[in-house]
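Before any comments, here is the structure.
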Amino acid sequence: MTSREPVLILGAGLMGRLLAVTLARDGHAVQIADPATEPALAGAAARVAAAMLAPLAESAVTEANVVAMGRYALPRWRALCAELAQPVFFQQNGTLILWHRQDAREAVRFEALLRNTTARLPDLPTPRLLDADSLSDLEPAVAGRFHQGLYLPDEGQLDNRQLLQALLATLDTLGVRLQWGTPMTLEQACSWQRDHPGGWVLDCRGLGAQAEWPADSRPGTGPLRGVRGEVARLHAPDVTLQRPTRLLHPRYPIYIAPKPNHLFVVGATEIESDDLSPASARSTLELLSAAYAVHPGFAEARVLELCAQCRPTLPDNLPAVVERAPRVLQINGLYRHGFMISPAVHDAVIEYLRTGRTDLAQHLGLAFVRNAGPASSSRTP
């Protein structure tokens, strides 16, 4: 790939914007096409996310290669944010895990999963068990309400909406052409490619690519589906948490991600559905009740938003990159780990564009299907 080759990116979500910034800096003429009519509507899944960067915490529910991608991504996020045109809140104060006494079994199970992960990935930081005193020292806001906890060092978070806006501002300074209100199929993108010799097409549409994602049995392929998540965005001036906090519960374990100015993103639900209707009363009650159980100050919080969105997910819940045709890459399936692993996926794609190699993808266990050819079947939404 030379710096003069044009690039068309389908989708102005997180991955599309990250790749566009890097490729524009490399000297490529980059354009992005997105069906959203305005920037605030683009990258819907990324706008709703809590943007926690917690590979060890997530290891209880995901595979070792996702954990490895998350660990790789932490220092990369710091570097990527530092290069943007606007500041982005980035924090690496670890993750706090809490549980009520009646849920001690969940804590035992969770600890066992963490021990298994750290045994397989010895470079991970060691979780630290907290008693009442050490918990009070680490997170004074929960003192007296919990008697035990787990601290997972080095984990982080960022402000997703600040990041998306900073990426847009950077794209503007780099002269990237953004075409809003422009839905484009892969076939249409390939027509563009024929008119731009040597051009690349990068499909980052998430669920927008559902009908054109390979539904066969090769690694990294299979039907693309939506997995629904629901979150509440709260303004709670009476609550101060210094790091993302997770409450273990057998039915609805929740996370609370504190953002600047006493803004909190609270979430938990994961539903096998591509339903984009508003959040349900049941999940809303569970989220708010669990948040109140962590800190009574949430009783006076103002509910700014109740959001529901679907994450693009492959059958194995793992991300994949598929070379659909020469110079045509489909990047998808980041599931609930979009912010946690996107720098790893981004770097693997950039390595392939620059060198034709997939060393990083192989090292991190990212499915990278080369020369896949046309999908043997497709799934319509």
Side-chain angles (χ1 to χ4, degrees), residues 11-16 34-52 61 157 159-165 180-181 183 205-211 223-237 239 244-247 249-259 261-295 297-313 317 332-340 379-381:
L14 175 62
M15 185 58 60
D34 193 282
T37 55
E38 58 177 288
L41 300 176
R47 281 185 56 79
V48 170
M52 294 181 296
V61 293
Q157 65 159 330
D159 188 306
N160 57 320
R161 296 189 179 180
Q162 282 185 3
L163 174 66
L164 292 171
Q165 183 57 45
W180 302 112
R205 289 175 293 164
L207 281 176
Q210 193 173 33
L224 185 66
R225 73 190 195 280
V227 176
R228 176 181 167 97
E230 298 171 339
V231 303
R233 295 179 70 88
L234 309 177
H235 180 241
V239 181
T245 299
R246 299 187 180 217
L247 180 66
H249 187 279
R251 192 159 62 86
Y252 48 90
I254 74 156
Y255 57 78
I256 303 172
K259 309 300 181 183
N261 302 316
H262 296 278
L263 177 68
F264 297 85
V265 179
V266 183
T269 56
E270 185 171 302
I271 304 165
E272 284 287 344
S273 170
D274 57 8
D275 173 24
L276 289 174
S277 62
S280 69
R282 173 178 173 174
S283 60
T284 301
L285 288 169
E286 290 177 346
L287 290 178
L288 299 183
S289 297
Y292 175 72
V294 171
H295 195 295
F298 281 114
E300 296 302 320
R302 294 300 178 256
V303 181
L304 304 181
E305 296 178 33
L306 291 173
C307 309
Q309 192 49 249
C310 292
R311 288 74 62 94
T313 309
N317 295 342
N332 220 316
L334 274 68
Y335 181 39
R336 59 180 281 165
H337 308 301
F339 282 90
M340 190 178 85
R379 176 180 181 269
T380 56

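Numbers here simply count residues along the sequence, with the first being 1.
Looking at R228, its side chain does come within 3.5 Å of a backbone N or O of D275 through a donor-acceptor pair. A side-chain donor-acceptor contact under 3.5 Å links S283 to the backbone of S280. Distance alone, capped at 3.5 Å, is enough to place a donor-acceptor pair between the R47 side chain and the A40 backbone.
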Residue pair W180, L41: steps toward the side chain to side chain contact (heavy atoms under 4.5 Å, CB included) verdict: CA-CA 10 Å; W180 302 112; L41 300 176; over 6 Å; no
Steps toward side chain to side chain contact (heavy atoms under 4.5 Å, CB included) verdict (V227, R336): CA-CA 8 Å; V227 176; R336 59 180 281 165; over 6 Å; no
Derivation of the side chain to side chain contact (heavy atoms under 4.5 Å, CB included) call for R246 and I254: CA-CA 6 Å; R246 299 187 180 217; I254 74 156; over 6 Å; no
Side chain to side chain contact (heavy atoms under 4.5 Å, CB included) evaluation trace for V265 with V48: CA-CA 9 Å; V265 179; V48 170; over 6 Å; no
Verdict with reasoning, D159 to K259, per salt bridge (Lys or Arg N to Asp or Glu O under 4.0 Å): CA-CA 6 Å; D159 188 306; K259 309 300 181 183; over 6 Å; no
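If you take CD on E300 and NE2 on H235, they are separated by 13.0 Å, rounding to the nearest 0.5 Å. Remark: Y255 OH to L247 CG distance equals 13.5 Å, nearest 0.5 Å. Taken from CZ in R302 to CG in L263, the straight-line distance is 14.5 Å, to the nearest 0.5 Å. The structure places CG of L14 at 9.0 Å from CG of N160, a figure rounded to the nearest 0.5 Å. From T284, atom OG1 reaches atom CG of L306 across 4.5 Å, with rounding to the nearest 0.5 Å. Rounding to the nearest 0.5 angstrom, the gap separating the CG atom in L276 from the SG atom in C310 is 4.5 Å.
Taking each heavy atom of A301 and L234 in turn, the nearest pair found is CB-CB, 4.2 Å. Across every non-hydrogen atom of F264 and V239, the tightest pair is CZ-O, 3.4 Å. Taking both residues in full, the closest heavy atoms of S277 and A308 are given as O-CB, 3.5 Å, listed atom of the first, atom of the second, then distance. The heavy-atom pair separating G206 from N332 by the smallest distance is O-ND2, 2.9 Å. In plain terms, the two heavy atoms of P253 and H249 that are nearest each other are CD-O, 3.3 Å. Of all the heavy atoms in A291 and V266, the pair that sits closest is CB-CG1, 4.3 Å.
A salt bridge is absent between R311 and E230; no separation between the charged side-chain nitrogens and carboxylate oxygens falls under 4.0 Å. Under a 4.0 Å N-O distance rule, the pair R225/E272 qualifies as a salt bridge.
Residues that satisfy the side-chain contact (heavy atoms from CB on, under 4.5 Å) test with P244, not counting sequence neighbours, are M52, Q91, Q157, P258.
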